[in-house]
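Here the structure comes first, spelled out in structure tokens, and everything after it is commentary.
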Amino acid sequence: MPELPEVETVKRTLIELITGKTMEQVQVRLPRIIQKPDDIQQFEVLLQGQTVETIERRGKFLRFILTDYVLVSHLRMEGRYGLYQAGEPLELHTHVIFHFTDGTELRYKDVRQFGTMHLFPKGEDLKQPPLHKLGLEPLEGAFTFEAFRQAIGHRKTKIKPLLLNQAYIVGIGNIYVDESLFLAGIHPEREASSLSRKELAALHASIVQTLRESVEVGGSSVKSYVNGQGEMGMFQHQLNIYGRESQPCKTCGTPIVKTVVGGRGTHTCPKCQPLKRKRAQKKSQD
């Protein structure tokens, strides 16, 4: 599933491609993609004449800011957008087509068909599902160390599942959790409440660093991800630990181990990320 860097890259690409374009017609070819409104015809009619003012991101969701509405789109596993000229042959799994007045078309393709779209009047999308209960944005100024510590520092949950929970921090999926924990030297099965203030500070910094570095190179194309122009991300070439099972750790040479934590495949260096408890140390440092 595309994570924050990939969705951020798609957002930036689409801003360049479709900002200022006006929708002449919308064609929904797979109704279940549209979650709101229930009436597919209403969805198509409401979007007629809407101009794309800009595109924003909230967690792993894209927010198309239109003249009167906000279209919230989640790519899920395989969703992708592409801009085409009208009349170009339709590719397989093209489920929604936004026809613009300038003769171009934004097409949404989704092999797995798990993607979703919600349409809201402006001002309503952040108050309702699926956006209303999302947590901190890790690349915004509000993601301070204190905000991070208050959100997760006292919880008796394993740190990896906690970081994957979008109610606390948004956009950090499996790849970037593994990478961030490795950089911070923290085992994914440590309880959040066992982490010292110093460890939490290291984790906070590693999350920001990892995500920023990935955004700079267009995200990670580990499977089928491409941006709105069909270009792959390049961060997979910089991964320290994710997908490197049995390969030597780049820091110490110890073979990387793959286990399952919270139902997710998890990569760990046994030497750089020892599973240990530091409650006494935490108390002394706090």
With distance as the sole test, does [X] use its side chain to make a donor-acceptor pair with the main-chain N or O of [Y] at under 3.5 Å?
{"X": "Gln247", "Y": "Pro255", "value": "no"}
{"X": "Gln113", "Y": "Ile33", "value": "no"}
{"X": "Glu179", "Y": "Tyr242", "value": "yes"}
{"X": "Gln166", "Y": "Leu164", "value": "yes"}
{"X": "Arg264", "Y": "Val260", "value": "no"}
{"X": "Gln50", "Y": "Thr67", "value": "yes"}
{"X": "Gln273", "Y": "Cys269", "value": "yes"}
{"X": "Lys122", "Y": "Leu66", "value": "yes"}
{"X": "Ser214", "Y": "Thr210", "value": "no"}

So which heavy atom on [X] is nearest to which on [Y], and how close?
{"X": "Val215", "Y": "Pro5", "answer": "CG2-CA, 3.7 Å"}
{"X": "Ala201", "Y": "Phe145", "answer": "N-CE1, 3.4 Å"}
{"X": "Pro270", "Y": "Val257", "answer": "CG-CG2, 3.6 Å"}
{"X": "Thr144", "Y": "Gly141", "answer": "CG2-O, 3.5 Å"}
{"X": "Ile172", "Y": "Pro138", "answer": "CG1-CG, 4.3 Å"}
{"X": "Val261", "Y": "Pro161", "answer": "CG1-CD, 4.1 Å"}

Subject >> ring pair (Phe, Tyr, Trp, His ring centres under 6.0 Å) contacts in which one or both residues fall within residues 101-134, not counting sequence neighbours >> reply: Tyr81-Tyr108

How many angstroms lie between [atom1] in [X] and [atom2] in [Y], if you round to the nearest 0.5 Å?
{"X": "Thr94", "Y": "Asp110", "atom1": "OG1", "atom2": "CG", "result": "10.5 Å"}
{"X": "Ile34", "Y": "Glu44", "atom1": "CD1", "atom2": "CD", "result": "8.0 Å"}
{"X": "Leu4", "Y": "Leu211", "atom1": "CG", "atom2": "CG", "result": "5.5 Å"}
{"X": "Gln25", "Y": "Gln48", "atom1": "CD", "atom2": "CD", "result": "7.0 Å"}
{"X": "His154", "Y": "Ser193", "atom1": "NE2", "atom2": "OG", "result": "9.5 Å"}
{"X": "Ser180", "Y": "Asn240", "atom1": "OG", "atom2": "CG", "result": "10.5 Å"}

When you check the gap from the basic side-chain N to the acidic O, do [X] and [Y] get nearer than 4.0 Å?
{"X": "Lys11", "Y": "Glu16", "answer": "no"}
{"X": "Arg190", "Y": "Glu199", "answer": "yes"}
{"X": "Arg63", "Y": "Asp125", "answer": "yes"}
{"X": "Arg57", "Y": "Glu8", "answer": "yes"}
{"X": "Glu191", "Y": "Arg155", "answer": "no"}
{"X": "Arg76", "Y": "Glu3", "answer": "no"}

**OP:** Start with the C-alpha gap between Leu62 and Val10, add the side-chain angles, then the distance that decides, and say whether side chain to side chain contact (heavy atoms under 4.5 Å, CB included) holds.
**Re:** CA-CA 9 Å; Leu62 293 167; Val10 172; 3.9 Å; yes

Evaluate the side-chain proximity of [Y] to [X]: yes if any heavy-atom separation is below 4.5 Å, no if none is.
{"X": "Leu163", "Y": "Leu203", "value": "yes"}
{"X": "Val52", "Y": "Leu14", "value": "no"}
{"X": "Leu134", "Y": "Leu131", "value": "yes"}
{"X": "Leu181", "Y": "His187", "value": "no"}
{"X": "Leu71", "Y": "Met117", "value": "yes"}
{"X": "Glu189", "Y": "Thr268", "value": "no"}
{"X": "Val96", "Y": "Leu30", "value": "no"}
{"X": "Phe98", "Y": "Ile18", "value": "no"}

Original post:
Would Ser73 and Phe61 satisfy side chain to side chain contact (heavy atoms under 4.5 Å, CB included), going step by step from the backbone distance to the final call?
Top reply: CA-CA 6 Å; Ser73 170; Phe61 292 86; over 6 Å; no

**OP:** Please assess Arg58 against Glu137 for the test salt bridge (charged side-chain N to carboxylate O under 4.0 Å, His left out), listing each intermediate value before the final yes or no.
**Re:** CA-CA 8 Å; Arg58 181 71 173 104; Glu137 284 282 352; 3.0 Å; yes

**OP:** With Arg107 as reference, evaluate Glu91, His99, Glu88, His93 under the side-chain contact (heavy atoms from CB on, under 4.5 Å) test and give the passing residue.
**Re:** Glu88

**OP:** Applying side chain to side chain contact (heavy atoms under 4.5 Å, CB included), run through Thr104 and Leu106 and close with a yes or a no.
**Re:** CA-CA 7 Å; Thr104 61; Leu106 181 67; over 6 Å; no

**OP:** Could you check Arg12 against Glu56 for salt bridge (charged side-chain N to carboxylate O under 4.0 Å, His left out), going step by step and ending with a plain yes or no?
**Re:** CA-CA 9 Å; Arg12 295 180 181 186; Glu56 299 178 357; over 6 Å; no

Less than 3.5 Å apart, any donor N or O on the side chain of [X] or [Y] sitting next to an acceptor on the other?
{"X": "Thr101", "Y": "Thr22", "result": "no"}
{"X": "Gln209", "Y": "Glu213", "result": "yes"}
{"X": "Thr266", "Y": "Lys258", "result": "no"}

**OP:** If a pair satisfies salt bridge (charged side-chain N to carboxylate O under 4.0 Å, His left out) and one of its residues is in residues 21-43, list it, with sequence neighbours excluded.
**Re:** Lys21-Asp102

**OP:** Output, in order, the C-alpha distance, side-chain angles, deciding distance and verdict of side chain to side chain contact (heavy atoms under 4.5 Å, CB included) for Ile207 and Tyr176.
**Re:** CA-CA 8 Å; Ile207 289 170; Tyr176 300 108; over 6 Å; no

Subject >> More than 12 heavy atoms of other groups within 6.0 Å of Gln41 CD >> reply: no

